[in-house]
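Before I ask anything, here is the structure I am working with.
Numbers restart at 1 for each chain; the letters A, B, ... are given by sequence-line order, proteins then strands. Any value given below was found using the heavy atoms of this structure, including those in side chains, with hydrogens, waters and symmetry copies removed.
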Amino acid sequence: MSAWFAQHRAALAAALRRLWSTPLNTLLSLLVIGIALTLPGFGYVALDNLRDLGNSATGVQQISLFMNLDASRKDVGEIENRLRQAATGKWHFVPKEEALKRMQASEGMAEIVASLPRNPLPDAFVIEPTNGEPEALEILRKEIAGWPKVAHVQLDSAWVKRFDAFLRLARLALWMLAAIFAAGLVAVTFNTIRLQVMAQAAEIEVARMIGATDAFIRRPFYYYGALQGALGGLLAAGLVFAALHLLGEPVGNLAALYGSSFALREPGPVEVAALAALGAFLGWIGAQLSVSLSLRKFD
Amino acid sequence: MIVASNLSKRYPGGYEALGDVSFAIEAGQMVFITGHSGAGKTTLVKLVASIERPTAGSLVVNGQNLSALRRSAIPYVRRHLGLIFQDQKLLFDRSALDNVLLPLQIAGMPRREAVRRAQAALDKVGLLAREKARPIALSGGEQQRLAIARAVVNRPTILIADEPTGNLDAESAGDILELFADFNRVGVTVVVATHDQNWIERYRPNVLRLDHGRLVA
């Protein structure tokens, strides 16, 4: 067990030495990896912030249910029963007389209302569903629209749906972007490791000759790829922080103009660690592919 | 112990480097393989070191049949062999000591003990004073002795050398031969492929003579 640890420590040390011994190459590789991870990383943070913004702006979701003008008290009772059975959340009934009274209370509306021959407003319900998911709201709206004597059901927050669809589209685009850059990262690691293997050809040949296992020969390259990826991930996190820092004040100013106290949320330690881990994982994959292919010629 | 039975090696393209060779080298023997260039000496060394695989016959080294060996088992077989080549295959980017340390690192020995063993091996070949020197700063004879130190540091039971004195003057070659004889005295089986007649005369009858891939003596 201690021999196993010693060999891993030696492989890690060898990988660090190799990274350190060619500072310019290392720096360039890190920049490429860092930038490749920055774009999806920044996109993720931006979407996260947009979602926060969306949630805070939406507040409570409402569905307005308007009855037919000829609906009777009995029809209203029927709807009340159904709402109670559906147990969809809070709701309250707005009788047409009350709606008219409210309208009269609004500035400048009193005269108009007075001139009307009869009350043009229908009885209405305002429903606040417990489940605010856009899909659930849509299902509820369709169901209610099929009830008797219901003239119109209006989702008061159709824009929430649109915003949600936009977020979903953006998330998909982000995933595609991330996949492309991940492939790029693997390719960059593949190439640097291939060059490493070529540079270490003499050592690999000798080590093979004197009884080195495949694992012994591969290990330093795996560590190299993973370390390079992890460092690239940390660099990307640094770039995202820098971008957020630069954007923080203008965003604050803009939000203030709309009377909001919205502030950009920065990635937490878990997200930074995840970015580094992602970089390490992709670097490890690149190293694995590269070493498997490059070492064939030593057989 | 090395036992070959009807051992053959045919390279792709049909060239037969070794044909139907049988011999037995007992543990503790010192044996010379000789013959003209292209007689099959190097091929035989490569077969014993599992660098090449036989195309027919069997080759048993330390009780392991090399023709039936899994690829993953080869490294462990090599750790019991000390291999020495005409071009010493030293690593020029590190010190003499680090070259000798390599087999011990591969075997996973703790650093302190490994350094002690490596220094002992360097001392044995008379290079302890030069442990920090890069191989490029060593003479031809010193480089070959360094290669021997690396080959013996793991305390192999068999030492195999392919033309170890090919590039050396007579005096350095004599030193190398003395070293091999020393290791043989403490029980190591030594197999040397060479065309150096002096050695061959001295060690008759422990000589395997190859001619066009066939064993003639």
Side-chain angles (χ1 to χ4, degrees), chain A residues 1-26 192-224 227 288 291-299, chain B residues 45-46 48-53 62 70-85 87-94 98-114 118 121 135-136 146-156 158-162:
Chain A
M1 200 62 184
S2 71
W4 186 85
F5 267 121
Q7 293 207 333
H8 274 268
R9 210 176 48 211
L12 181 63
L16 279 170
R17 247 192 334 267
R18 286 176 197 171
L19 275 171
W20 188 248
S21 66
T22 53
L24 189 66
N25 280 346
T26 302
T192 51
I193 297 287
R194 199 174 59 86
L195 294 174
Q196 285 278 329
V197 169
M198 271 158 30
Q200 311 283 326
E203 182 174 355
I204 292 168
E205 193 197 343
V206 168
R208 271 267 164 89
M209 209 67 75
I210 57 184
T213 56
D214 278 359
F216 181 89
I217 289 168
R218 286 159 173 254
R219 218 175 275 135
F221 296 112
Y222 292 166
Y223 273 108
Y224 186 98
L227 267 175
Q288 171 109 345
V291 168
S292 299
L293 280 175
S294 315
L295 282 185
R296 273 192 198 161
K297 65 184 169 96
F298 290 96
D299 277 338
Chain B
V45 168
K46 282 182 171 172
V48 173
S50 293
I51 296 167
E52 308 267 8
R53 268 172 192 273
N62 281 338
R70 283 197 326 273
R71 192 180 166 280
S72 59
I74 291 174
Y76 302 97
V77 171
R78 287 196 187 145
R79 287 180 196 183
H80 294 289
L81 302 175
L83 285 173
I84 296 152
F85 300 91
D87 60 331
Q88 298 85 6
K89 295 197 190 299
L90 298 170
L91 296 175
F92 287 86
D93 63 346
R94 62 197 72 191
D98 283 333
N99 267 280
V100 180
L101 277 172
L102 193 58
L104 303 177
Q105 285 165 349
I106 286 170
M109 185 180 285
R111 170 102 190 153
R112 188 178 307 202
E113 193 188 342
I136 198 74
L146 179 57
I148 292 172
R150 188 183 64 194
V152 300
V153 73
N154 239 346
R155 296 183 186 157
I158 302 174
L159 205 55
I160 308 167
D162 186 18

Heavy-atom distance under 4.5 Å to chain A: side chain of B/Phe85, backbone, both or neither?
-> side chain
Check each atom of B/Pro103 against the heavy atoms of chain A and say whether the ones under 4.5 Å are side chain, backbone, both or neither.
-> both
Heavy atoms of B/Arg78 and A/Arg208 approach each other most closely as NH1-O, 2.7 Å
If every non-hydrogen atom of B/Lys89 is compared with every non-hydrogen atom of A/Val206, which pair is closest and at what distance?
-> O-CG2, 3.1 Å
Identify, with sequence neighbours excluded, every residue that meets side chain to side chain donor-acceptor pair (under 3.5 Å) alongside A/Arg17.
-> none
With sequence neighbours excluded, residues passing side chain to side chain donor-acceptor pair (under 3.5 Å) with B/Asp93 | none
Is a side-chain donor or acceptor of A/Gln7 paired with a backbone partner of B/Gln105 at a separation under 3.5 angstrom?
-> yes
Go through the atoms of A/Ala207 and report whether side chain, backbone, both or neither lie under 4.5 Å from a heavy atom of chain B.
-> both
Residues of residues 147-154 of chain B under 4.5 Å from chain A (heavy atom pairs)?
-> B/Arg150
How close do B/Leu83 and A/Met209 get, heavy atom to heavy atom, and via which atoms?
-> CD1-O, 3.4 Å
Near A/Arg9 CZ, under 6.0 Å, is it more than 12 heavy atoms from other residues, nucleotides or ligands?
-> no
Sort out for me which of B/Val77, B/Ile51, B/Leu90, B/Ile106 touches chain A most, counting heavy-atom pairs under 4.5 Å.
-> B/Ile106
Do B/Leu91 and A/Gln200 touch side chain to side chain, with heavy atoms closer than 4.5 Å?
-> no
Contacts of type salt bridge (Lys or Arg N to Asp or Glu O under 4.0 Å), residue B/Arg155, not counting sequence neighbours | none
